[in-house]
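Here's the structure we're looking at; comments come further down.
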Amino acid sequence: MAVVILKDGSRREYPQPVTPLQVAEDLSKRLAKEAVVAKVNGALWDINRVMPAEAELELLDFDNPQARDVYRHSTSHLMAQAVQELYPDVRLAIGPAIEDGFYYDFDLKEPLTPEDMQKIQGRMEELVKEDLEIQRQVLSREEALDLFRKMGEDYKVELIEDLPEDAEISCYRQGDFLDLCAGPHVGSTGRIRVFKLLSVAGSYWRGDENQPMLQRIYGTSFAKKSQLEEHLALLEEAKKRDHRKLGRELDLFSVSEDGPGMPIYHPNGVIVWNELLKLWREEHARDRYMEIRTPQILNKRLWERSGHWDNYAENMYLTEVDETPFALKPMNCPGAMLWYLTAHRSYRDLPLRTAELGLVHRHERSGTLHGLMRVRAFTQDDAHIFMLPSQIEAEVAGVIDLVDRIYKVFGLEYRLELSTRPEKCMGTEEQWETATNALMRVLENKGIEYKINPGDGAFYGPKIDFHILDCLKRSWQCATIQLDFQLPERFELTYTGEDGQEHRPVTVHRVIYGAVDRFFGILIEHFAGAFPVWLAPVQVKILPIADRHHEYCKTVAARLEEAGIRVTADLRNEKIGYKIRQAQGEKVPYMLVVGDKEVEAGKAALRTRSQGDVGQVDIAQFQEQVLREIKTRQLN
RNA sequence: GCCGAUGUGGCUCAACGGUAGAGCAGCUGAUUUGUAAUCAGCAGGUUGUCGGUUCGAUUCCGACCGUCGGCUCCA
């Protein structure tokens with residue numbers, strides 16, 4: 001006799017133990033069809049696996065995140081099965097579900113081509129039609145080792161060897177395909193409905209570059225075709241917004257072969273850049289930051305003192321000045337320390353908030369460079385706050401508010417993460433605890449939700465990271481607030497306390513945009529190149545219909561320019577449709593079309609990039625409206 | 001750095017073992033135009049770099065450089 005208690009509390013009895021699927025079939029056909037996986041007594045459970053005699057049962061469909069992972073994990077098995085059938089000499093590594101899909105890593109002699117992908121996809125579709133049951137099977141460690149050794153699956157053997165003593169070792173079988181797997185899985189291959197293989201890439205076994213290079217196939221799967229189409233449309237949209245493409249089209253920046261990872265900003269790009277800095281300086285002035293500038297290259301002994309030489313040397317560019325080794329700065333902190341040391345500091349001076357828009361150079365690996373997102377030369381919107389230990393909370397709270405004010409201007413949402421003490425770190429346990437608690441208290445007092453990343457702090461202190469969500473819901477780490485006990489120590493920073501004794505200040509490093517370059521890239525994609533008026537390189541474009549309107553257009557342009565609006569007039573000998581098409585392509589927010597009617601009325605026909613023709617406007621009123629939008633940094 | 005793909009005029013792309021072609025952009029001229037491409041003409045490339053094979057390479061091979069997709073998500 002078996003008892004099943006359902007989510008709604010109802011109870012069902014069976015003469016003998018049953019599977020979740022059997023229960024589902026009793027309940028409704030639809031449920032049985034859509035259930036991906038079950039939760040039995042709180043743990044994920046295959047829908048075709050017999051439950052204990054007494055079970056609390058919940059059935060999960062694709063909409064449940066855990067079930068979705070199971071579904072995709074099963075798709076990765078399906079892919080592995082297809083690959084193994086098509087390429088019998090393959091050795092399997094791992095194949096987990098990931099955020100938007102799944103992958104599987106294969107050790108295969110021949111590189112996989114796009115045609116191979118098609119073949120694999122095709123074979124997968126056949127396997128789905130065969131609707132093979134997916135069965136779980138538990139083995140002893142010896143059995144498992146023996147089995148996978150015989151199969152020549154070296155990676156699986158290694159995985160088994162690394163499993164903890166008490167782990168239950170399970171395998172899943174579908175047809176002739178068998179894979180080591182904790183599970184759970186969907187009941188049969190026929191339950192996997194919509195999937196698509198997306199790309200092949202290299203990856204190291206266990207992500208370690210000393211290990212063999214494997215071939216990874218990425219794919220994704222969904223319960224419905226429409227969901228896959230939606231996902232593909234999103235990828236398409238992301239491609240259209242690619243900042244590298246828009247950066248070229250809008251003439252914002254470029255990267256030369258002669259300076260990989262070192263962007264060249266074009267005049268249009270510099271306009272946006274300067275507007276970003278203008279906002280930044282305004283907001284920092286409000287919070288009484290003082291701006292400093294420190295040198296591009298500094299003596300090697302400074303980097304030894306700061307600890308960068310020991311921890312960061314392989315990323316640093318070296319040079320020589322009069323036979324003395326110097327290094328190009330990869331961070332701004334040591335320079336800020338040098339500034340602090342230029343005077344005696346009193347407790348009355350603290351906190352000292354020094355900001356620096358510092359251009360730093362870091363030797364990133366060649367394969368990781370990516371437009372403005374991953375570069376070798378970039379400007380950090382850095383700041384170092386020197387303070388009393390008692391000021392930590394207030395200062396951190398101030399930075400959080402500042403970040404919030406600035407991100408709001410762009411309509412960017414964000415999430416917070418707190419990273420705590422890593423295993424390899426400097427400073428005492430007590431210092432860490434005090435600092436970490438201070439950060440937590442700030443977040444809790446503010447009622448901010450945050451995620452904790454245990455052990456993910458910097459070696460010199462705990463930190464709070466801000467993850468921006470752009471309009472496609474992609475996440476980017478930008479702002480960070482890091483407490484640092486190391487640098488004040490290493491540079492022997494002091495202040496004179498109320499007691500007349502010398503004390504050590506606490507330091508916070510923080511950035512808001514992070515790398516201005518990367519933030520710019522994120523904004524390009526976030527706005528799809530259609531910047532809000534205050535950021536737009538050209539805010540108003542005046543388009544005469546014919547030559548006889550040129551004089552009037554020049555007058556209007558001069559007037560708007562005088563008022564501080566970035567305006568150009570397209571006086572080329574072209575038809576109006578052509579000029580409009582071009583201005584739209586440049587994503588200019590406002591176009592003023594001028595023909596006989598407008599000259600006569602002393603007005604202009606306004607066209608916006610988003611709404612098209614909106615009719616005649618009074619120039620003075622239009623000017624006021626644009627100026628207001630610029631001043632308030634209105635979003636589109 | 002590693003794996004794979006890739007590199008043709010400013011941009012997007014075509015072609016080929018016998019010394020490259022189109023569209024857009026540019027320039028000149030005509031047209032004076034009413035809300036997303038007017039017409040015609042001209043000009044523009046030592047086919048990423050360096051080597052090799054060949055009578056001959058941009059095309060085949062190799063190295064290098066750059067670019068693109070990846071290299072955390074642990075059965």
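In what follows, chains carry the letters A, B, and so on, assigned in the order in which the sequence lines appear, proteins first and then strands, with residues in each chain numbered from 1.
- Under the Watson-Crick or G-U wobble criterion, with both distances below 3.5 Å, B:rC13 is paired with B:rG21.
- Side-chain proximity of A:Asp613 to B:rG26, B:rG1, B:rU35: nearest is B:rU35.
- Between A:Lys240 and A:Glu237 there is a salt bridge, since at least one side-chain N of the basic residue sits less than 4.0 Å from a carboxylate O of the acidic one.
- Checking B:rC2, B:rG1, B:rC74 against the side-chain heavy atoms of A:Arg365 singles out B:rG1 as nearest.
- Of the two residues near RNA chain B, A:Leu112 and A:Arg609, the one whose nearest nucleotide lies more 5' is A:Leu112.
- Both A:Arg607 and A:Pro96 lie near RNA chain B, and the one whose nearest nucleotide falls closer to the 5' end is A:Arg607.
- Salt-bridge formation is detected for the pair A:Arg149/A:Glu161: a Lys NZ or Arg NE/NH1/NH2 atom is positioned less than 4.0 Å from an Asp or Glu carboxylate oxygen.
- In this structure B:rC60 sits in a base pair with B:rG52, meeting the Watson-Crick or G-U test at under 3.5 Å.
- Rounded to whole Å, the separation between the P atoms of B:rG44 and B:rU53 comes to 34 Å.
- Using a cut-off of 4.0 Å between Lys/Arg side-chain N and Asp/Glu carboxylate O, A:Arg607 and A:Asp613 are scored as not salt-bridged.
- For the pair A:Arg376 and A:Glu364, the salt-bridge criterion is not met [side-chain N within less than 4.0 Å of a carboxylate O].
- Counting distance only, with no hydrogens placed and no angle test, the side-chain atoms of A:Glu364 and the base atoms of B:rG1 include no donor-acceptor pair under 3.5 Å.
- When distances are taken from the side chain of A:Arg244 to each of B:rG69, B:rU32, B:rG7, the shortest belongs to B:rG69.
- Rounded to whole Å, the C1' atom of B:rU6 lies 16 Å from the corresponding atom of B:rU12.
- With C1' as the reference atom, B:rC13 and B:rU49 are 23 Å apart, rounded to whole Å.
- Whole-Å rounding puts the A:Ile217 CD1 to B:rG69 P distance at 19 Å.
- Across the strands present, B:rA5 finds its partner in B:rU67; the criterion is a Watson-Crick or G-U wobble pair with both atom distances under 3.5 angstrom.
- A gap of 15 Å separates the C1' atoms of B:rC24 and B:rA43, to the nearest Å.
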_Run the salt bridge (Lys or Arg N to Asp or Glu O under 4.0 Å) test on A:Glu158 and A:Arg91 for me, step by step, so that the C-alpha distance in whole Å, both residues' side-chain angles and the decisive distance to 0.1 Å come before the verdict._
CA-CA 12 Å; A:Glu158 198 180 318; A:Arg91 278 180 302 166; over 6 Å; no

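- The side chain of A:Ala605 lies closest to B:rU35, out of B:rU35, B:rA36, B:rC73.
- Distances were taken from every side-chain heavy atom of A:Asp547 (C-beta onward) to each of B:rC3, B:rG34, B:rU32; the shortest belongs to B:rU32.
- A donor and an acceptor atom never sit less than 3.5 Å apart when one is taken from the side chain of A:Tyr103 and the other from the base of B:rG70.
- Across all strands shown, A:Glu574 has heavy atoms under 4.0 Å from base atoms, whether or not it also approaches the sugar-phosphate.
- For the C1' atoms, the distance from B:rU8 to B:rG4 is 22 Å, rounded to whole Å.
- Distance from the side chain of A:Thr368 is smallest for B:rC71 among the nucleotides B:rG26, B:rC74, B:rC71.
- Nucleotide B:rU38 forms a pair with B:rA30, judged by Watson-Crick or G-U wobble geometry with both contacts under 3.5 Å.
- Using P as the reference atom, B:rU72 and B:rA36 are 49 Å apart when rounded to the nearest Å.
- Taking atom P in both B:rG52 and B:rG56, the straight-line distance is 11 Å, to the nearest Å.
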*Given the rule in the ring-ring contact (aromatic ring centres under 6.0 Å, His included) test, do A:Phe106 and A:Tyr104 qualify, once you have shown the distances and angles that lead to the verdict?*
CA-CA 6 Å; A:Phe106 303 103; A:Tyr104 210 113; 5.1 Å; yes

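- Candidate nucleotides B:rG70, B:rU67, B:rG34 were compared by shortest atom distance to the side chain of A:Pro260, and B:rU67 ranks first.
- Nucleotides B:rG21 and B:rU35 place their C1' atoms 36 Å apart, quoted to the nearest Å.
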